[in-house]
Amino acid sequence: MPIKIPNDLPASKILKEENIFVMDETRALSQRIRPLKLIIVNIMPTKIVTETQLLRLLSNTPLQIEVDWLCMESHNSKNTPQEHLMEFYKTFNEIKDNKYDGLIVTGAPVEKLKFEDVDYWDELTKIFDWANTNVFSSFFICWASQASLYYYYGVEKYQLKEKLTGVYHHHTNPEKMRRRILRGFDYQFYAPHSRHTAVRQEDIEKIDSLDILATSKRCRVFTW
């Protein structure tokens, strides 16, 4: 697929070396195609590495994708050059009037903190509220999945006795296999975990509007 990304984004060189079809802004302007517009809230400290990882995954679709990157204005990023953020990232105030087909919020190494103690929590919840009316579909990764469950549904996270780390066997919910997000999935799969906290399956099952799509004997509900 062609991923439309800024001409000088560091991930561009890596993806081209991997034979992933990358379309820069100059070429994209000549295309008469309505791209799928995504906004990615990148709250990982190693933002450049995360950009490459996500764009590599997004290449597995025949659609043309246009990506905007969003950083937290209320947080001082120490691991990414300010020049990179100023050139390739936008703030919430710059995109709040836009509409997007999809929102992706990455994880962040803040899971031991209470949600309200994260320095950009108020800004992130504004984005959560905004997404209800400006985004067609949202996807939350790792800590962001816990944050969204807490903010939207009041589902708490709990500290584990010891860190859960490794690759574990999971199985999908056979009653939910017709859900589009599970299309092409096997009934059994392996997935990595590396975390200090977890949400409880029984808390999610109390909420009628939530479905559990995959679980593991060791890890319980699969939040990813």
How long is the span from the CD1 atom in Ile141 to the CD atom in Gln53, to the nearest 0.5 Å?
9.5 Å

Distance-only, no hydrogens or angles: does the Ser77 side chain make a donor-acceptor pair with backbone N or O of Gln82 under 3.5 Å?
no

How long is the span from the CD atom in Glu205 to the CD1 atom in Ile212, to the nearest 0.5 Å?
4.5 Å

Can you establish whether the number of heavy atoms outside Tyr153 located under 6.0 Å from its atom OH is more than 12?
yes

OG1/Thr50 to CG/Asn42 distance, rounded to the nearest 0.5 angstrom?
5.0 Å

Take Asn173 and Asp211 through the side chain to side chain contact (heavy atoms under 4.5 Å, CB included) test and state the conclusion after the steps.
CA-CA 9 Å; Asn173 184 344; Asp211 287 332; over 6 Å; no

According to a 4.5 Å side-chain heavy-atom criterion applied to Ile, Leu, Val, Met, Phe, Trp and Tyr, with indirect links allowed, do Leu164 and Leu113 form part of one hydrophobic cluster?
no

Taking all non-hydrogen atoms of both residues, which atom of Arg195 and which atom of Lys163 are closest, and how far apart?
O-CG, 3.4 Å

Find out if a path of hydrophobic residues (ILVMFWY) with successive side-chain heavy-atom gaps under 4.5 Å connects Met177 to Phe189.
yes

Gln201 side chain to Thr215 side chain, donor-acceptor N/O pair below 3.5 angstrom
no

Ile104 side, atom CD1; Leu70 side, atom CG - distance, nearest 0.5 Å:
12.5 Å

How about NZ on Lys96, more than 12 heavy atoms from neighbouring residues, nucleotides or ligands closer than 6.0 Å, or not?
no

Is there a side chain to side chain contact (heavy atoms under 4.5 Å, CB included) between His193 and His170? Walk through the geometry before answering.
CA-CA 11 Å; His193 289 262; His170 297 68; 2.9 Å; yes

Interatomic distance, OH@Tyr150 vs CZ@Phe115, rounded to 0.5 Å, equals 7.0 Å

Over 12 foreign heavy atoms within 6.0 Å of CD, Glu175
no

Consider side chain to side chain contact (heavy atoms under 4.5 Å, CB included). Of Asp68, Leu103, Leu58, which one does Leu38 pass it with?
Leu58

Determine whether a donor-acceptor pair (N or O, by modelled atom type, separation under 3.5 Å) exists between the side chain of Gln146 and the backbone of Trp143.
no

Expected output: side-chain Glu123 to main-chain Glu73 donor-acceptor under 3.5 Å:
yes

Going from CG on Leu9 to CZ on Phe88, what distance comes out if it is rounded to the nearest 0.5 angstrom?
5.0 Å

For the pair Asn134 (side chain) and Asn98 (backbone), establish whether a donor and an acceptor sit closer than 3.5 Å, ignoring hydrogens and angles.
yes

Should Leu124 and Trp130 be regarded as members of a common hydrophobic cluster, given that ILVMFWY residues are connected when their side-chain heavy atoms come within less than 4.5 Å of each other, either directly or indirectly?
yes

